[in-house]
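A quick note: this is a predicted structure, and the numbers were derived from the prediction, not measured. What you see below is based on every heavy atom in this structure, not just the backbone, and it leaves out hydrogens, waters and symmetry mates. We count ligands from 1, going down the list as the structure has it; atoms in each ligand are counted the same way.
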Amino acid sequence: MGILIQNGRVIDAASQTDCIMDIYIKEDMIASVKDSIDRHDPCDTVIDAKGLLVLPGLVDMHVHLRDPGQTEKEDIESGTKAAARGGVTTIVAMPNTTPVIDCRDRVEYVVHKAEQVACVHVLQAGALSVGQKGQLVSDIPGMKSAGAAALSEDGKSVMNAAVLRKAMLKAKECDLPILDHCEDIDLRGNGCMNEDSNSVRLRLPGICNETEDSITARDVMLALDNGVKLHLCHVSTYGVARLMQMLKREGIKSITAEVCPHHLILTSDDIERDDPNFKMNPPLRTPKDVEALREALADGSISVISTDHAPHTRADKSGSMRTAAFGITGLETSFSLIYTELVEKGVISLLQLVEKMSYNPACILGLPCGVIKEGHPADLVLIDPNAEYVIDKDDFVSKGKNTPFHGRKVKGRVVRTICGGKTVYKG
Ligand code: DOR
Ligand code: ZN
Ligand code: ZN
């Protein structure tokens with residue numbers, strides 16, 4: 001008994017394919033992809049995908065699941081359901097939980113819990129330093145043996161370069177990429193939005209671009225000197241966009257970068273009043289930054305779009321931006337936002353969307369997904385490209401309702417998500 005998807009517009013970045021085809025799924029694998037496949041088994045489920053896009057399931061390298069310790073914000077079950085609703089079939093969970101995921105047992109905890117309650121594939125990142133305190137390198141080989149897929153100090157930077165260098169050497173030994181949050185804590189100070197004329201108008205403390213630019217430059221050099229794979233998280237500035245273009249010109253492949261939908265679509269000027277739904281780290285920047293990010297995305301210097309899905313409780317996101325938590329949710333809005341604002345408006349092509357939201361992140365993580373081809377995992381998403389709807393935070397299955405996109409009109413709706421050969425979401 002398999003699943004036969006007929007007449008969909010199949011988009012595969014690996015083979016640069018964009019054509020109407022049929023796909024046959026057997027168990028958890030893609031068994032064949034052809035112009036036309038007949039139903040051979042009367043027990044097969046047949047899905048008519050006429051008029052729909054069929055893409056490899058999205059791979060989101062940057063998600064906060066808040067488990068253990070902050071499950072009032074999100075947990076593995078609610079977070080993976082949110083992923084499935086957004087067409088995402090693989091996520092990387094960040095380790096800034098309570099306690100921090102910085103050792104073998106805690107990676108095992110997530111791996112086991114995910115086996116029980118997750119409806120999409122969950123990969124766990126391990127912290128670079130013990131307790132994310134930036135002083136002692138964590139047990140990187142232990143976490144690797146428990147299944148950690150990457151390393152990250154996300155939420156902050158390892159400010160001590162000697163500690164980071166030691167961690168890099170271990171990461172290299174274990175062949176794990178570092179997902180790098182670049183932020184100079186002293187330059188950030190008590191800033192809560194970008195430092196510009198709007199922060200002056202709102203009388204809110206600002207965060208300058210150098211906060212991100214300076215640590216990025218340091219970490220890129222450390223990574224190059226030590227031969228470790230470095231992936232820059234949530235790039236938000238003109239400077240880092242240009243740096244990535246420079247590295248691409250030099251042919252350097254070991255440094256990669258991601259950008260989030262909000263940094264591509266919103267600017268600091270969209271913050272009309274002191275509203276914590278617009279507070280995230282790094283902050284929304286200026287039109288000049290957004291333009292450079294879009295350019296670097298389109299020319300391939302920035303190869304990944306991920307969400308930094310950061311769910312918080314209502315209480316944590318109430319009051320002033322000065323004191324509210326950093327972060328917005330992303331899993332349930334990323335596809336339609338990027339499709340509407342970047343693909344429909346001609347900034348990137350649909351094939352590039354698939355590359356950046358599925359194929360490239362899978363490659364960076366060394367995963368076989370992100371490809372629609374015989375013998376690859378049956379992780380797929382079906383999308384109605386003409387369906388228009390209004391984003392409503394109250395429809396989210398995530399526990400986090402904190403989004404600046406509530407009420408925004410978008411196009412491109414996820415109608416079905418298949419993960420490991422099973423339908424995990426149906427709209
Ligand atoms: O906005 C953010 N939220 N940025 C981060 O780096 C951390 C994240 C969180 O954990 O909420
Ligand atoms: Zn971060
Ligand atoms: Zn994050």
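- Heavy-atom contacts of H312 reach the following atoms of ligand 1: 11 (O) (cutoff under 4.0 Å).
- For the Zn ion (ligand 3), the nearest N, O or S atom contributed by D154 is named OD2.
- One of the N, O or S atoms belonging to H181 lies under 2.8 Å away from the Zn ion (ligand 2).
- Of the residues H262, H62, H181, the one that meets the side chain to side chain donor-acceptor pair (under 3.5 Å) test with H234 is H181.
- Using a cut-off of 2.8 Å, one finds that C233 contributes no N/O/S atom close to the Zn ion (ligand 2).
- Every atom of ligand 1 is numbered from 1 in the order shown, and the set under 4.0 Å from a heavy atom of H181 is 6 (O).
- With respect to the salt-bridge test (charged N to carboxylate O, under 4.0 angstrom), the residues E173 and K170 qualify.
- Taking the Zn ion (ligand 3) as the corner point, the angle from H64 atom NE2 to D308 atom OD1 is about 90° (rounded to 10 degrees).
- The existence of a salt bridge linking K229 and D175 is confirmed by a sub-4.0 Å separation between a basic side-chain nitrogen and an acidic carboxylate oxygen.
- Of all the heavy atoms of R66, the ones lying under 4.0 Å from any atom of ligand 1 belong exclusively to the side chain.
- T216 OG1 to D184 CG: the interatomic distance, rounded to the nearest 0.5 Å, is 10.5 Å.
- With a 4.0 Å heavy-atom cut-off, ligand 1 is reached by no atom of I328.
- Every atom of ligand 1 is numbered from 1 in the order shown, and the set under 4.0 Å from a heavy atom of M280 is 1 (O).
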